[in-house]
Asks: 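After the structure tokens below, expect a handful of questions from me.
Note on naming: letters A, B, ... go to the chains in the order of the sequence lines (proteins, then strands), and numbering restarts at 1 for each one.
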Protein chains: 2
Amino acid sequence: MATIYDVSLRAGVSLATVSRVINKNNNVSDKTRQKVLEAMAELDYRPNTIAQSLASNVSNSVGVLVSQLDGPYYGPMMAEIEAALRAQNKHVIIAVGHSDAAVEQDSVEFLLSRGCDALILDVEAVSDDYLVKLSQRSVPIVLINRYIQAMEPCCIYLNNELGGYLATRHMVDLGHRSIAYISGPKNKHDAMERLVGHQRALAEGGLVFDPALYIEGDYKEEGGEAGMLALLQTGKSFSAVVCANDQMASGAIAVCLQRGLVIPRDLSVIGYDNVPFAKYISPKLTTVNNPIHEMGKMAALWVLRHVYADDQTLVNNVFEPELVVRGSAIRAVN
Amino acid sequence: MATIYDVSLRAGVSLATVSRVINKNNNVSDKTRQKVLEAMAELDYRPNTIAQSLASNVSNSVGVLVSQLDGPYYGPMMAEIEAALRAQNKHVIIAVGHSDAAVEQDSVEFLLSRGCDALILDVEAVSDDYLVKLSQRSVPIVLINRYIQAMEPCCIYLNNELGGYLATRHMVDLGHRSIAYISGPKNKHDAMERLVGHQRALAEGGLVFDPALYIEGDYKEEGGEAGMLALLQTGKSFSAVVCANDQMASGAIAVCLQRGLVIPRDLSVIGYDNVPFAKYISPKLTTVNNPIHEMGKMAALWVLRHVYADDQTLVNNVFEPELVVRGSAIRAVN
DNA sequence: CTGTTAGCGCATTCAT
DNA sequence: ATGAATGCGCTAACAG
């Protein structure tokens, strides 16, 4: 593989000049630039990005840490991040944290050891404190799906409280008076925020939060199944159930179907996230839109702007959820 | 950040010795090794992987190119690849090809320019010829989901013909005599292979392939919807439809539901891939299992073994699909 | 506008 | 078992 040196020989210029044309430095006359370009073409020269990184102390790589890669949630986010970064010739190194604090920290170190210029993190298990300290190291950090006051400008997150509120509010508006809730794991921030919103909507509607109609789930289909089963077994009646994400909603619906319950006739169900398959389960799932892909894109733009000084227009840091009305929730009969 | 040089000073040894302990070279006495290790700890030394790469000509990074990141298909594959590689301290750089030949080639060059030690490719648009030539360059290539004779040992693929056969064979076994088929795009290899299997099962069952009951889809939900709509409009009767993937099956089922058709009573449906959400659509989708995550893992192990001489046990290159019977297909009434 | 000179942090001969 | 010397391919002052 040809090096910058070979090119300089062939073009009859110095190393520095070749470097200048590679880096689009303007201080090169058109004629020399041409000579160099030709030499490069003839030698099929490709810059060695590793050498560039070592010499310039910029790796052009950004690390992305997510909780999981399977599941419907992170794919769209990763896709946007890759696209935005790739368009500016940056590459993304992925790591998975599995929602485990030790693994998350290890992943961060791993990414750092790879010389990433910035880190985009979607972590849930690690403490605020750890992240604040991390942000004080030299590598820029962007947090997706998490708000930490001390890191405000680099947090990109959804107003989850509002989302939880919107979901339950929708049920209240439809006349439901007895509303069950299948939550995400209580150790996850967003799950707790959604719950708070749920309770606010309840209170606003003059309803009391009934612990017997509250189930802690796991954000997975299995948790939705187990949650619905548990709810059914309480013997308490309820006409609506709000699930803290679509996966649990789909699990809950599956259980209802098995039991001969017709959705939404016998029970109204609403999910959260608006994952791609939400509109392909039947009935089409009423849910709350979580613009996860936009948040991914925003994180990438943030990095381009702040780390690579690539003049990108940033829209915002905090995103608003929106109700998506489809067919799984209807007006209560009474 | 401390360098190997700082460590050598503190430990009172030479650069070479420090390098030896980093690389677990045995030619170091226990005492010196201890001194060096201590110095490293005290300085919180971390090797600069970029410098290591430049000096050793090994980047410890492997490029992974997939068609898309969203959708249910690639997530599980990526997850396995990341896990296997990460366990051996290799990192994965992702790129997306969007099933477009130009983008795929550009992505390959991009990955190559990043100094990847190997490439794992799941490409569909690029020609066999291109891949063969690529494999003759110096960077090892693994192909997922594609078989090219000249590259046999580095192809990891599914017997798609068998899968297509199994799906249709299941319908035939259930007594269906009029079986529609919604195919994947005809420019995709796997789609064509599945179709061949379908036709074999038809022939074996004494049925003739009816072009009027064949629709070319796009492997997406939309294609399944459009396909089912088109099928319904032909006016021809059919009691079963086999879809070339689960996403199209879910789209097809959604259309049926809208039209008041009950699945599987009025129509039996089978999908292909067994993506995670297949068992959460209702009725639970009968399908053909595609062990995509295992193929991902195998690709990663292949790289570890052949590129990094990490002694991994390889299982196999060609995977067999299996029928997964759930609730969307039943015996034909007649 | 162009060339010279130093490193970037590490691996790797080759000596000893 | 250890050290000295060289270079990986490139960027970035600094000169001119």
Asks: Step through the shown structure and confirm whether more than 12 heavy atoms of other residues, nucleotides or ligands are within 6.0 Å of CD on A/Q149.
Replies: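 Result for CD/A/Q149: open.
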Asks: Could you tell me how far apart B/L43 (CG) and C/dG9 (P) are, to the nearest whole angstrom?
Replies: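 These atoms are roughly 14 Å apart.
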Asks: Quick one: ring pair (Phe, Tyr, Trp, His ring centres under 6.0 Å) partners of A/F319, sequence neighbours excluded?
Replies: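 A/F319 satisfies ring pair (Phe, Tyr, Trp, His ring centres under 6.0 Å) with no other residue.
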Asks: Side chains of residues 34-43 of chain B: which donor-acceptor partners sit under 3.5 Å, not counting sequence neighbours?
Replies:
| residue | atom | partner | partner atom | Å |
| --- | --- | --- | --- | --- |
| B/E42 | OE1 | B/R10 | NH1 | 2.4 |

Asks: For nucleotides 10-14 of chain C, list the nitrogen or oxygen atoms of the protein found under 3.5 Å from its nitrogen or oxygen atoms, one pair per line.
Replies:
| residue | atom | partner | partner atom | Å |
| --- | --- | --- | --- | --- |
| C/dC10 | OP1 | B/Y45 | OH | 2.4 |
| C/dC10 | OP1 | B/N48 | N | 3.0 |
| C/dC10 | OP2 | B/I4 | N | 2.4 |
| C/dA11 | OP1 | B/N23 | OD1 | 3.3 |
| C/dA11 | OP1 | B/N23 | ND2 | 3.3 |
| C/dA11 | OP1 | B/Q52 | NE2 | 3.2 |
| C/dA11 | OP2 | B/S19 | OG | 2.8 |
| C/dA11 | OP2 | B/N23 | ND2 | 3.4 |

Asks: Could you tell me which residues satisfy ring pair (Phe, Tyr, Trp, His ring centres under 6.0 Å) with B/Y308, sequence neighbours excluded, listed by chain and number?
Replies: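 Scan of B/Y308 (ring pair (Phe, Tyr, Trp, His ring centres under 6.0 Å), adjacent residues dropped) gives none.
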Asks: Return yes when atom CG of A/N57 has more than 12 non-hydrogen atoms of other residues, nucleotides or ligands closer than 6.0 Å, and no otherwise.
Replies: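 Open.
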Asks: What is the separation between atom CD1 on A/I50 and atom C1' on C/dC8, rounded to the nearest whole Å?
Replies: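 Nearest whole value for this atom pair: 14 Å.
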Asks: Residues two or more places apart in sequence or in another chain: which of them pass side chain to side chain donor-acceptor pair (under 3.5 Å) with B/Y219?
Replies: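 With sequence neighbours excluded, B/Y219 shows a side chain to side chain donor-acceptor pair (under 3.5 Å) to B/D190, given in chain and number order.
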Asks: Name all residues meeting the side chain to side chain donor-acceptor pair (under 3.5 Å) criterion together with B/T49; count only those two or more places apart in sequence or in a different chain, and write none if there are none.
Replies: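 B/T49: no side chain to side chain donor-acceptor pair (under 3.5 Å) contacts found.
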Asks: Checking B/V103 now: which residues fulfil side chain to side chain contact (heavy atoms under 4.5 Å, CB included) with it, not counting sequence neighbours?
Replies: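 B/V103 satisfies side chain to side chain contact (heavy atoms under 4.5 Å, CB included) with B/H98, B/D100, B/S107 once adjacent residues are dropped.
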Asks: Mind checking what makes side chain to side chain contact (heavy atoms under 4.5 Å, CB included) contact with B/A51, not counting sequence neighbours?
Replies: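 Residues passing side chain to side chain contact (heavy atoms under 4.5 Å, CB included) with B/A51: A/L54, B/N48.
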Asks: Taking any heavy-atom pair under 4.0 Å as a contact, classify A/T32: base, sugar-phosphate, or nothing.
Replies: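 Sugar-phosphate contact only.
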Asks: How large an angle, rounded to 10°, do the end axes of the helix from C/dC1-D/dG16 to C/dT16-D/dA1 enclose when each is built from five base pairs?
Replies: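 One end axis against the other gives 30°.
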Asks: Please enumerate all residues that pass side chain to side chain donor-acceptor pair (under 3.5 Å) together with B/S127, with sequence neighbours excluded.
Replies: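 B/S127 satisfies side chain to side chain donor-acceptor pair (under 3.5 Å) with no residue once adjacent residues are dropped.
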Asks: When you measure from the side-chain N and O atoms of A/S29 to the phosphate of C/dT2, is any distance below 4.0 Å, counting only OP1 and OP2?
Replies: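 It does, given that an N or O in the side chain of A/S29 lies less than 4.0 Å from OP1 or OP2 of C/dT2.
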Asks: Figure out the CG/P separation between B/D6 and C/dC8, and round it to whole Å.
Replies: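 Rounded to whole Å, this separation is 11 Å.
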Asks: My understanding is that only residues two or more places apart in sequence, or in another chain, count here; which of them pass ring pair (Phe, Tyr, Trp, His ring centres under 6.0 Å) with A/F110?
Replies: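 Ring pair (Phe, Tyr, Trp, His ring centres under 6.0 Å) check on A/F110 returns nothing, list empty.
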Asks: First and last nucleotide of DNA chain D in contact with chain B, 5' to 3', at under 4.0 Å to a heavy atom: what are they?
Replies: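 The contacted stretch runs from D/dA1 to D/dG9.
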